Amino acid sequence: MSINITSPKVARELMSSYGIAPLKKFGQNFLVDGNIADKIANAALPQDAGNAAVIEVGPGLGGLTQRLTTRAAQVAAYEIDAGLVRSLKDTFEGVENFSLFHQDFLKADLEKELTPIFGEADIYVAANLPYYITSPCIMKLVESGLNIKRITVMIQKEVAQRICAMPGSKEYGSISAAIGFFADAKMLFSVSPSCFYPKPDVYSAVLSIEMKQYDAEKAEQYSKTVRGLFAKRRKTVRSNLRQSFELTIGQANAIIQKAQIDENARAETLNVNDFARISEEIVNIQKNIEN
Ligand code: SAM
């Protein structure tokens, strides 16, 4: 493929020949800066990525996709927009390591769709994510149970800062705590609105989420615990424990004591280990209730 999709001129020509106008409802801000696309592709994949499989969410016109297909063994992309799918099919015709799913990524059955293509390969994710579904996309990937090694995503800078925030800071929230069990997140670099067409109102940032070893059996309960304890952010852990998990005040106090949490703590001050201990104690109490 000889066209340079991240050139603003080529992107505009592609859109006009397929009758495409950027759709706000799908968070379409196309990357029209080749250097940034190179930096994302380089950060997404390791040096010896020859055998790697890549998932891309929202390939758009294919600017990042183009760089991924030349670096990885397989690339599977999910695109919701029919107009873009038409254009991608033509652009990537004959590119044998590229599979395109015309589908809402949030509804995709990743295991079923990707195992036949990827086999046992290490999986990397690269995306310029649609901003309106940043958190659900990241959580779907992190919690997927797939053999994902690293997730490299461009998102709103403010959201990236929230994901990387430390407990007790203003930005720290359920997404930071939820990801922390599965992965280590760090911000790589900021990206100016002028790198996109159309220009978004805010700065973006590229985030690298390095998956770590985690106890898969405990993962589901951990995620439930984080959601439950952040249900009412201003309330204490005790109050959220009672409401979200239908516990008595005695049971909530016992969990707090055994997990060695300050009795007036709120979720926004807890770290990953605190959530993990509380999560275990919730399971213990629930077992006791059943017996
Ligand atoms: N990757 C392209 C780029 O960098 O220029 C496009 C990025 S644009 C910010 C987000 C892309 O995600 C668009 O192509 C949009 O149509 C697509 N998209 C939006 N919602 C989606 C969903 N639920 N599932 C799959 N793709 C989606």
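Bear in mind the structure is a predicted one, so any value in this text is a computation, not a measurement. When a ligand or atom number is given, it counts from 1 through the structure's own listing order.
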- Item | Mode of Ala37 contact toward ligand 1 - side chain, backbone, both, neither (heavy atoms, under 4.0 Å) | neither

- Query: Can you check whether Gly27 has an N/O within less than 3.5 Å of an N/O in ligand 1?
  - Reply: no

- Task: Evaluate the side-chain proximity of Gln103 to Glu113: yes if any heavy-atom separation is below 4.5 Å, no if none is.
- Result: yes

- Message: Does any N or O of ligand 1 fall below 3.5 Å from an N or O anywhere on Asp104, backbone included?
- Response: yes

- Message: What I want to check is whether the side chains of Asp90 and Tyr18 have a donor and an acceptor closer together than 3.5 Å.
- Response: yes

- Item | salt bridge (Lys or Arg N to Asp or Glu O under 4.0 Å) between Lys9 and Glu13, worked out | CA-CA 6 Å; Lys9 183 167 171 276; Glu13 282 167 5; 3.3 Å; yes

- Please confirm whether Gly58 comes within less than 3.5 Å of ligand 1 when only nitrogen or oxygen atoms on both sides are compared. yes

- Query: Any idea which of Asn128, Leu88, Ile80, Leu64 brings a heavy atom closest to atom 7 (C) of ligand 1?
  - Reply: Asn128

- Numbered atoms and elements of ligand 1 in range of Phe30, under 4.0 angstrom, heavy atoms: 5 (O), 6 (C)

- Note on the structure: Note: ligand 1 atoms sitting under 4.0 Å from heavy atoms of Glu56 are 1 (N)

- Can you pull out the closest protein heavy atom to atom 24 (N) of ligand 1? Residue, atom name and distance to 0.1 Å, please. Phe105 N, 2.9 Å

- Heavy-atom closest pair, residues Ala11 and Val32: CB-CG1, 4.0 Å

- Looking only at non-hydrogen atoms, which of Lys107, Glu79, Met154 approaches atom 16 (O) of ligand 1 most closely? Glu79

- Note on the structure: Between Lys140 and Leu106, the two heavy atoms sitting closest are NZ-O, 3.1 Å

- For side chain to side chain donor-acceptor pair (under 3.5 Å), just list the numbers for Gln251 and Thr248, CA-CA rounded to whole Å, side-chain angles, deciding distance to a tenth of an Å, and then say yes or no. CA-CA 5 Å; Gln251 289 165 330; Thr248 65; 3.3 Å; yes

- Message: Tell me the closest heavy-atom pair linking Tyr197 and Pro22, and the distance in Å.
- Response: CE2-CG, 3.7 Å

- State the atoms of ligand 1, each with its element, that fall below the 4.0 Å cut-off from a heavy-atom position in Gln28. 13 (C), 15 (C), 16 (O)

- Residue, atom and distance of the protein heavy atom nearest atom 5 (O) of ligand 1 read Leu31 N, 2.8 Å

- Note on the structure: Within 4.0 Å of some non-hydrogen atom of Gly60, the atoms of ligand 1 are 2 (C), 6 (C), 14 (O)

- Taking every non-hydrogen atom, the tightest pair across Arg71 and Asn42: NH2-OD1, 2.8 Å

- Query: Among the heavy atoms of Asn29, does any lie under 4.0 Å from an atom of ligand 1?
  - Reply: yes

- Item | For atom 20 (N) of ligand 1, the protein heavy atom that lies nearest, with its residue and separation | Tyr132 OH, 2.8 Å

- Message: If the cut-off is 4.0 Å to any non-hydrogen atom of Gln103, which atoms of ligand 1 fall inside it?
- Response: 24 (N), 25 (C)

- Hey, are the side chains of Arg233 and Arg266 touching, using non-hydrogen atoms and a 4.5 Å cut-off? no

- If you measure from each non-hydrogen atom of Leu84 to ligand 1, which part falls under 4.0 Å: side chain, backbone, both or neither? side chain

- If we number the atoms of ligand 1 from 1 as shown, the ones under 4.0 Å from a heavy atom of Pro59 are 1 (N), 2 (C)

- Determine whether any heavy atom of Leu106 lies closer than 4.0 Å to an atom of ligand 1. no

- Nearest neighbour in protein (non-hydrogen) for atom 19 (C) of ligand 1: Phe26 O, 3.1 Å

- Closest non-hydrogen atoms of Asp81 and Phe26, given as atom of the first, atom of the second and distance, are OD2-CD1, 3.8 Å

- Presence of salt bridge, Arg162 and Glu158, under 4.0 angstrom: yes

- Query: If every non-hydrogen atom of Tyr222 is compared with every non-hydrogen atom of Ala276, which pair is closest and at what distance?
  - Reply: CE1-N, 3.7 Å

